[in-house]
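To start, the structure itself, in structure tokens.
By convention in this document, chain letters (A, B, ...) are assigned in the order of the sequence lines, proteins followed by strands, and residues within each chain are numbered from 1. Everything quoted here is computed from the prediction, not taken from an experiment.
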Amino acid sequence: MRTMTRAVLVGLLATLAAAPPASAETVRIGFITSLSGPAGIIGKHMKDSVELALDHLGRRVGGLDVEVIYGDDQQKPDVGKQVADEMLKKHKVHFVSGIIWSNVMLAVAPVVTRERVFMIGTNAGPHQLAGKDCSEYFFTTSWQNDQTPEAMGKYMTDQGLTDVHIMAPNYAAGKDMLSGFKRYFRGRIIAEVYTQVNQPDYQAEISQIRAANPKAVFVFYPGAMGIQFVKQYAQAGLREQIPLYSVYTIDEVTLPALKEAALGIWETRYWSPDLSNEANTKYVSDFRKKYGYTPAFYGAQSYDGVMLIDAAVRAVKGDLANKAGMIAAMRKADYKSTRGPYKYNLNHFPIENFYLLKTVRTPEGEFAMQIQKTVFENHKDAYAKDCGMQW
Amino acid sequence: MAISRRAIVLAAGAVLLALVPPVAGLLNQPFYVDLFRRMMIFAIAALSLDLILGYGGMVSFGHAAYLGIGAYAVGIFAFYGVDNGFLQWSVAIAASAAAALVIGVISIRTSGVYFIMITLAFTQMLYYLGISLETYGGDNGMPLKTRSQFAGLVDLRNPSAFYYVVLALLLLFLLLGRRLVDARFGMVIRSARSNEPRARAIGFAPFRYKLAAFVLAGGACGLAGALLANQTEYLTPDFMHWTRSGEIMFMVILGGMRTLFGPVLGAVVLLGLEDVLSALTEHWQIILGPFLVVVVLFAKRGLFGLVSRDG
Amino acid sequence: MLLVLEQGLNGLQYGVMLFLMAAGLTLVFGIMNLVNLAHGSLYMVGAYLATAFARWTGSFVLGALLALPATLLVGVVVEVIALRTLYERDHLDQVLATFGLILFFNELVAIVWGRAAIYTSLPPSLSGSFVLLPGLRYPTYRALVILVGVAAAVFLYVLVTSTRLGMLIRAGASNRTMVAALGVNIRRLYTLVFGLGAALAGLAGLMAGPIYAVQPGMGEQILIQVFVVIIIGGIGSIRGAVAGAMVVGMVDTLGRAFLRPTLSTIVSPAAADKAGPALASMLIYLMMAAVLFFRPQGLFPTRGR
Amino acid sequence: MAEPLIAVRGLSKSFGGLRATDRVDLDVEDGETHAIIGPNGAGKTTLIGQLAGDLRPDAGTTRFAGRDVTSLDAPARSRLGLARSFQITSIFPDFSALDNVALAVQAHSGHSFHFWRPARAERELREPALAVLGGVGLGARADVLAANLAHGEQRQLEIAMALATRPRLLLLDEPVAGMGLEETQRMVRLLSTLKRRVTIVLVEHDMDAVFTLADRISVMVYGRIIATGSPEEVRGNAEVRRAYLGEGTES
């Protein structure tokens with residue numbers, strides 16, 4: 001028993017002592033994402049992109065040494081919060097970045113910004129943080145959740161589509177997506193269906209769709225749900241009969257698992273690997289060279305996140321205590337984004353273009369998403385008006 | 001001998017835990033206050049599970065349900081601007097106990113694997129219910145705007161104050177648990193676990209005692225849920241996910257069933273291990289999984305069994 | 001009306017998938033008294049192996065035929081290394097140890113094949129749909145799933161009722177010492193039964209591959225529903241597994257298809273939109289609670305337990 | 001004539017197609033020791049289970065101490081003064097011998113919703129328990145874990161637990177089964193001391209024990225009681241000899 005107690009004590013002291021001392025010449029970034037579990041693949045896209053960004057910056061951020069500490073939120077808000085506390089209080093980071101999930105973001109962002117540390121979101125864009133809960137210390141390099149389905153609603157309206165069947169999982173993001181779609185869609189919606197979260201089988205719903213025979217189907221099924229829905233939709237022979245429009249359902253993460261099942265399906269997005277600008281071409285080709293696979297938008301956003309931090313630190317000449325200076329710098333978004341130049345809205349969410357994408361077979365026989373046209377130029381989110389920030 | 005040894009371990013543990021905030025302050029590492037507070041909150045949950053699992057022989061695979069109910073009780077009150085902690089926490093306990101009553105009435109009629117599965121199924125139902133509570137954020141959950149207020153008695157926003165509240169509650173539950181399992185009530189549920197037909201033959205009607213234990217454990221775990229909501233300042237249906245029930249169960253086994261103190265040790269070690277391993281590798285579950293198997297197969301008495309063994 | 005028929009087929013097909021999983025689980029429980037949460041992992045292994053073999057051989061059918069014995073082998077290895085010692089332990093130990101195995105398998109698969117879902121293909125002849133009745137097209141592959149499932153059920157029925165192994169299985173389920181007294185090597189029988197259960201899970205997994213997402217953790221998505229199936233059916237009973245799987249498959253499918261429209265005729269459509277999906281997802285659990293309330297041993301209780 | 005302590009009419013119980021008890025009528029008078037004998041599978045243990053309230057009868061009624069107890073379960077019957085031992089030793093193995101008996105005392109001293117006072121420190125539980133334990137000859141073994149007692153001692157402990165509930169009727173299911181000669185003699189002596197103090201229903205295969213202890217004997221074959229009478233009457237009954245004793249007393 002004595003040895004046990006001693007071991008506990010020694011262990012405790014060792015972990016305490018192992019914490020790095022605070023020092024001014026190193027930028028510390030805590031990057032939180034889901035590394036273990038099913039969502040770990042998204043975390044991998046993000047982590048690989050962060051590393052690539054650091055390579056491109058010569059392993060220095062804003063002219064200073066940099067240390068990135070990765071944290072695994074296990075896709076759980078309370079674990080994310082715990083990890084964020086660890087980043088703030090143990091590693092004493094200057095920036096927290098990353099975060100895939102809205103619920104994790106909602107748990108983490110207030111904790112970080114309350115300590116007057118920057119939270120640079122690189123995926124989740126819940127409406128609370130764009131609206132009434134916006135903060136000077138919160139920036140995102142991605143989008144507000146509703147914007148993408150809004151673009152699809154706009155596009156389908158422009159096409160004159162009506163009698164549409166819309167579907168999403170029965171959870172908050174699913175409802176947000178459909179309400180975003182409805183904000184811009186002017187045609188008739190004949191059914192709005194919510195399915196169980198992580199439901200594996202959609203045949204029952206697909207039969208209902210076939211029976212109702214709508215003009216088009218719009219869905220939001222991220223991750224595995226999307227793979228399952230799209231495969232089953234194609235197998236039921238509906239893809240040729242009723243065109244499928246989706247958001248966050250087909251991307252470079254799920255495409256390798258779907259291949260021809262995804263052909264001809266439409267998505268909207270602010271970014272695509274084939275988006276043509278200097279920064280993006282460099283990012284995508286170096287990414288493929290280094291890691292051997294094609295990055296998804298999760299990666300592009302994370303790459304941008306590091307670049308945004310780099311610009312901020314550079315602007316204050318490495319004076320990490322000059323937070324006002326860094327806020328001012330980041331508001332300018334003065335860096336080479338993979339999406340091309342963009343501006344920040346008053347709520348620190350990007351004002352950016354949205355494109356229509358289609359899954360196609362490339363001449364080399366690969367499957368890829370390609371930009372078809374621009375749906376929105378400089379699109380603003382719907383919640384900025386609820387955010388009181390002025391600058 | 002065993003008693004004194006156990007007492008030493010207990011006292012040493014309490015002192016060590018009490019020393020965490022000053023030591024962390026000294027080393028300028030306030031994070032450990034948060035970490036150990038989280039461990040102690042799960043320790044309360046594990047402790048309450050030990051009452052029914054260890055002493056009552058009821059293998060509940062749905063204990064996380066009460067964690068969720070307790071958290072939602074606090075969160076929903078806060079959502080409507082009621083931040084009185086006395087009210088919030090009492091309702092957290094009462095609501096969890098009430099849910100345990102309903103679940104218990106149905107599930108205690110069954111036994112063995114049926115009991116395991118029906119408790120699991122009820123928790124799944126509550127999990128899906130949580131997801132469909134749109135007003136309270138659905139699967140996203142919702143933030144807790146302010147931690148529970150105690151009329152100026154104690155300020156939970158102060159990490160150390162909150163820490164000592166949790167520590168005090170943990171010690172209180174250890175004491176209550178100890179008294180309870182040794183009192184007549186505890187003897188009934190322990191005898192029913194040991195040999196239920198025999199317990200019935202000597203005149204005990206175990207059902208209502210088991211049910212009462214189930215309800216008490218639910219209420220205690222509900223309080224842990226209320227604490228967890230305050231700790232995380234956020235609550236989600238994820239608190240009720242079935243894997244969470246499995247984790248709490250593992251804390252009990254890891255630390256040592258039927259010891260009350262063991263589950264506390266189990267919670268500290270498991271969460272500590274998770275923290276350390278996940279910093280080492282993203283594949284930390286490939287270490288944790290076999291570790292679990294090995295503990296179950298070879299260390300049946302748990303860690304507390306190892307440290308408090310005679311001689 | 002045609003729609004109801006089609007949804008009935010969908011329910012049947014889903015029930016068949018559930019049955020393939022449940023049969024192995026309930027066999028293992030009935031004979032070795034083992035609660036195996038890691039059954040879902042074998043399902044996942046089956047799906048991965050089938051995909052890997054299909055890619056290697058270039059044939060879906062060959063892949064499936066290779067994956068089946070391979071999953072059986074994995075099951076046998078797991079049984080010999082880890083689970084054998086669990087038979088005499090209580091359910092609590094079994095639940096926890098096999099929970100640990102789930103973590104291990106998910107991570108192992110993630111290390112070997114990556115965390116991303118992998119691509120599964122179907123031969124063109126299976127990937128379309130065909131006209132079942134005038135006005136009713138049905139996916140070819142789903143029809144195949146139903147056929148394979150029914151064949152597996154018949155195979156199991158014949159195996160259990162009219163072979164020596166089946167006789168031992170039935171005897172073993174009710175009386176172990178008797179089987180031992182017959183001079184049968186109980187250990188080998190257990191390993192064999194576990195392997196059979198693993199192969200059934202693997203069959204479910206490889207059938208699932210082309211419809212579902214093949215990725216780490218896929219087993220747990222279906223595992224809990226499978227437990228609901230065998231609880232409703234009565235643990236240890238193959239007949240119960242058939243009945244439970246059909247009940248759950250039908251209730252779940254029809255609930256998802258028709259609950260919301262039905263509700264909206266009773267309450268306001270808006271309320272139905274809110275309550276329908278939530279209720280549909282809780283339906284099978286409610287049903288299980290109800291079954292257990294009235295029949296604590298399930299619909300087909302096995303003797304002596 | 002006074003009403004019998006326990007009176008059974010038409011008690012039946014089937015398992016699947018098997019009739020374990022078939023319209024059993026049985027009267028046990030207050031104060032007597034009544035043995036039930038019969039070949040294996042005759043339904044004796046089932047009858048004990050029905051008398052104790054563990055098994056619900058399919059048909060028939062049971063009266064005990066002047067009231068109808070047919071619908072009462074085992075704990076309720078125990079509280080009315082019906083105690084039993086099991087065919088296969090049934091004790092609380094992970095408790096001490098004293099705890100085992102103290103639990104039985106506790107079960108009969110009001111409800112147990114006491115959450116604070118350690119039960120082991122309660123004199124009103126310990127002292128009666130120690131007394132009973134001494135009475136069955138286990139006084140020196142009070143603090144031994146029940147699992148560590150010898151087989152004979154465990155059977156004695158079961159008797160002690162039954163006695164600690166201060167029963168009016170003791171149901172004993174093969175109390176000397178599996179015992180050596182010496183242990184058997186000790187148990188028979190113990191049971192002799194209980195005769196008259198408490199009514200006993202004794203199921204036993206050991207005929208020496210039966211004929212030593214029993215005032216009356218009922219013979220059960222294929223779920224039915226075919227004869228009841230004094231030991232001499234039963235010994236002389238032709239039907240009994242044919243159905244049972246004729247096959248050898250050992251069966």
Take atom CZ of R109(B) as the centre, draw a 6.0 Å sphere, and report whether it contains more than 12 heavy atoms from other residues, nucleotides or ligands. yes

Close side-chain approach of M257(B) and L92(C), heavy atoms under 4.5 Å: yes

If I measure from the heavy atoms of chain C, does F122(B) come under 4.5 Å with its side chain, its backbone, both, or neither? side chain

Beyond-backbone contact of I230(C) with M117(B), side-chain heavy atoms, under 4.5 angstrom: no

Under a 4.5 Å heavy-atom cut-off, does chain C meet the side chain of F61(B), its backbone, both or neither? side chain

Pick from I253(B), L288(B), L129(B), L120(B) with the largest number of heavy-atom pairs that fall under 4.5 Å of chain C: I253(B)

Determine all donor-acceptor pairs shorter than 3.5 Å in which one atom belongs to a side chain in residues 258-271 of chain B; sequence neighbours excluded.
| residue | atom | partner | partner atom | Å |
| --- | --- | --- | --- | --- |
| R258(B) | NE | G54(B) | O | 3.0 |
| T259(B) | OG1 | G256(B) | O | 2.6 |
| T259(B) | OG1 | G262(B) | N | 2.9 |

Ranked by heavy-atom pairs below 4.5 Å to chain B, first place among V228(C), I111(C), L108(C) goes to I111(C)

Given 3.5 Å as the limit, does a donor-acceptor pair link the side chain of Y114(B) with the main chain of L292(C), or not? no

Reported NE2-to-OG distance for the pair H91(C) and S111(B), which is rounded to 0.5 angstrom: 8.5 Å

Taking everything shown except R239(C) itself, do over 12 heavy atoms lie less than 6.0 Å from its CZ? no

Which atoms of N106(C) come close to chain B, meaning under 4.5 Å heavy atom to heavy atom: side chain ones, backbone ones, both, or neither? neither

Proximity breakdown for L133(B) and chain C, heavy-atom pairs closer than 4.5 Å: neither

Please state whether the side chain, the backbone, both or neither of R115(C) comes within less than 4.5 Å of a heavy atom of chain B. side chain

F99(C) pairs by side-chain contact (heavy atoms from CB on, under 4.5 Å) with which of V293(B), L292(B), V296(B)? L292(B)

I'd like to verify something: which residue of I102(C), L286(C), L86(C) has the highest number of heavy-atom pairs under 4.5 Å with chain B? L286(C)

Let me know if I224(C) has heavy atoms under 4.5 Å from chain B in its side chain, its backbone, both or neither. side chain

Structural part of V113(B) lying under 4.5 Å from a heavy atom of chain C: both

For S107(B), is it the side chain, the backbone, both or neither that has a heavy atom under 4.5 Å from a heavy atom of chain C? neither

How far apart are the closest heavy atoms of L297(B) and R89(C), and which atoms are they? O-NH2, 2.6 Å

Would you check if the side chain of Y285(C) reaches a backbone N or O of L126(B) as a donor-acceptor pair within less than 3.5 Å? no

Can you name the ring pair (Phe, Tyr, Trp, His ring centres under 6.0 Å) partners of H283(B), sequence neighbours left out? none

Taking all atoms of both residues into account, what is the closest heavy-atom pair of M288(C) and I118(B), and its distance? CE-CA, 3.6 Å

Stepwise side chain to side chain contact (heavy atoms under 4.5 Å, CB included) check, V59(B) with V95(C): CA-CA 10 Å; V59(B) 185; V95(C) 164; 5.7 Å; no

